[in-house]
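A short worksheet on the structure shown next.
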2 protein chains.
Amino acid sequence: MAKMEREIRLDAAAARLKAAGLRPTRQRLELARLLFAAHDRHVTAESLAEEGARAGVKVSLATVYNTLHQFQAAGLLRQVVVDASRTYFDTNVGDHQHFFLENEGLLIDIPGEEISISGVPAAPLGMSVDRVDVVVRVRRQ
Amino acid sequence: MAKMEREIRLDAAAARLKAAGLRPTRQRLELARLLFAAHDRHVTAESLAEEGARAGVKVSLATVYNTLHQFQAAGLLRQVVVDASRTYFDTNVGDHQHFFLENEGLLIDIPGEEISISGVPAAPLGMSVDRVDVVVRVRRQ
DNA sequence: CAACGCGCTTAGAACAATTCTAATCTATGA
DNA sequence: TCATAGATTAGAATTGTTCTAAGCGCGTTG
């Protein structure tokens, strides 16, 4: 007998959490289900909380913040800093960069293979490169 | 008779403000003098206010914020977004990129000629590229 | 030179995003 | 089933930034 789409997603979410060593609580499962429904989503705590509310998921804002940070620590999400006023989390943790639409506060992925950066000088003494972020800021018109 | 270093800097600051169409008030002059003492400084509102306080300049925090934004609008400063929790302003408005030392929250310039980025896809329809920011995140060890 | 007006500065309040707190709940392993 | 470590929660607290409204001062005009 066929499983409902929602159940399949919850199973997948449970597997992800298990792999990350996070207890599969109701809230984490529901948030994971929302987050990983598509593989290149860009959310803020606020937007995810709102999305959850619309979907009838009962989760406090504090838990959304906690969960986003835990998922990030577990490598399921990546934080993207492009705007001084809000923090974005990206469900695509692979090698890629971003367009940032400054007018609408929207992020769009640029596949890692497309962009190439050369001539990055060596990191200062005693430091090692953690990541190279490229943000292409675009605006309407 | 030779002018004091401080006076020379204030004159230079006055010239900058005049060119930018900003009234040369005491606060703006003093902040400009501090900011443009070196040509590649990275400050936050907080750090600049503190620096001013140490230097005996009497300026409110609100004015520091106002001034930083006005200088930015006038093209004397550039805002750099690297850290979700604070906003940096850079006195170097030329073409360049940054190292960001994540441990100490410090920025170091990378000259624009050193780095080259290729393969940036065309901006989404109806959008134009405003700027391409590269942040090389490094950490100790 | 006096007076005016507009822009500037200010302290403190307000705000928004995020984190903390401490009480309550729940998944899990014995 | 029970105990417990860990998770969730509402609401308070914190932090960085912006707003507000009152007073000040720079440059101009009469």
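Bear in mind that the values here come from a model prediction, so they are computed numbers and not experimental data. For the numbers below, each heavy atom of this structure counts, side chains included, while hydrogens, waters and symmetry mates do not. A note on names: the letters A, B, ... follow the listed sequences, proteins ahead of strands, and every chain is numbered from 1.
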Checklist entry - Taking atom P of D:dT18 as reference, at what distance in whole Å does atom CG of B:Asn66 sit? => result 9 Å
Checklist entry - Taking the side chain of A:Ser60 as heavy atoms from C-beta outward, which of D:dT9, C:dT10, D:dA7 is closest to it? => result D:dT9
Next on the checklist: For a quick check of understanding: with a heavy-atom distance under 4.0 Å over all strands, which category does A:Thr63 fall into, base, sugar-phosphate or nothing?
Outcome noted: base
Checklist outcome for this item: Closest of D:dT9, C:dT10, C:dA17 to the B:Gln27 side chain is C:dT10
Next on the checklist: Suppose we call two aromatic rings close when their centres sit under 6.0 Å apart. Are A:His98 and A:Tyr88 close by that rule?
Outcome noted: no
Item to check | Rounded interatomic separation in angstrom, taking CD from A:Glu46 and C1' from C:dC15 | outcome: 13 Å
Item to check | Side-chain N,O (A:Thr25) to OP1/OP2 (D:dT8) below 4.0 Å | outcome: yes
Next on the checklist: Applying a 4.0 Å non-hydrogen cut-off, can you work out what B:Thr87 is touching in the nucleic acid: base, sugar-phosphate, or nothing?
Outcome noted: sugar-phosphate
Checklist outcome for this item: Residue pair B:Tyr88/B:Pro24 against DNA chain D: nearer the 5' end by closest nucleotide is B:Tyr88
Checklist entry - Just how far, in rounded Å, is C1' of D:dG23 from NZ of B:Lys58? => result 12 Å
Item to check | A:Tyr65 vs C:dT19: side-chain N/O to OP1/OP2 distance below 4.0 Å | outcome: no
Checklist outcome for this item: From CG of B:Leu31 across to C1' of C:dT10 the rounded distance in Å is 14 Å
Checklist entry - What is the distance, rounded to the nearest whole Å, between atom CD of A:Gln70 and atom C1' of D:dT8? => result 10 Å
Item to check | Euclidean distance, A:Thr63 OG1 relative to A:Leu68 CG, rounded to 0.5 Å | outcome: 10.5 Å
Checklist entry - Under 4.0 Å between a side-chain N/O of B:His69 and OP1 or OP2 of D:dT18, yes or no? => result yes
Next on the checklist: Whole angstroms only, please: what is the CZ-C1' distance between A:Arg86 and C:dA16?
Outcome noted: 10 Å
Item to check | Side chain of B:Ala62 (C-beta onward), nearest among C:dA11, D:dT17, C:dT18 | outcome: C:dA11
Checklist outcome for this item: The nucleotide from D:dA7, D:dT9, D:dT18 with an atom nearest the side chain of A:Arg28 is D:dA7
Checklist entry - Between C:dT18 atom C1' and B:Asp83 atom CG, what is the distance in whole Å? => result 13 Å
Checklist entry - Within the structure, does a side-chain N or O atom of A:Ser85 lie under 4.0 Å from either OP1 or OP2 of D:dT17? => result no
Next on the checklist: Would you say A:His96 and A:Asp40 are linked by a side-chain donor-acceptor pair, where the criterion is simply a distance under 3.5 Å?
Outcome noted: no
Checklist entry - Donor-acceptor pair, B:Gln72 side chain versus B:Leu77 backbone, under 3.5 Å? => result no
Next on the checklist: Is there a salt bridge (Lys or Arg N to Asp or Glu O under 4.0 Å) between B:Arg137 and A:Asp133? Walk through the geometry before answering.
Outcome noted: CA-CA 8 Å; B:Arg137 294 171 187 276; A:Asp133 284 342; 2.8 Å; yes
Item to check | Whole-Å gap separating C1' (D:dT8) and CG (A:Leu22) | outcome: 14 Å
Checklist outcome for this item: Note: for B:Thr67 and B:Ala84 on DNA chain C, the residue whose nearest nucleotide lies more 5' is B:Thr67
Next on the checklist: Using a 3.5 Å distance criterion without hydrogens, assess whether the side chain of B:Asp90 forms a donor-acceptor pair with backbone atoms of B:Asn92.
Outcome noted: yes
Checklist entry - Which listed nucleotide (C:dT26, D:dT17, D:dT9) is nearest to the side chain of A:Arg23? => result C:dT26
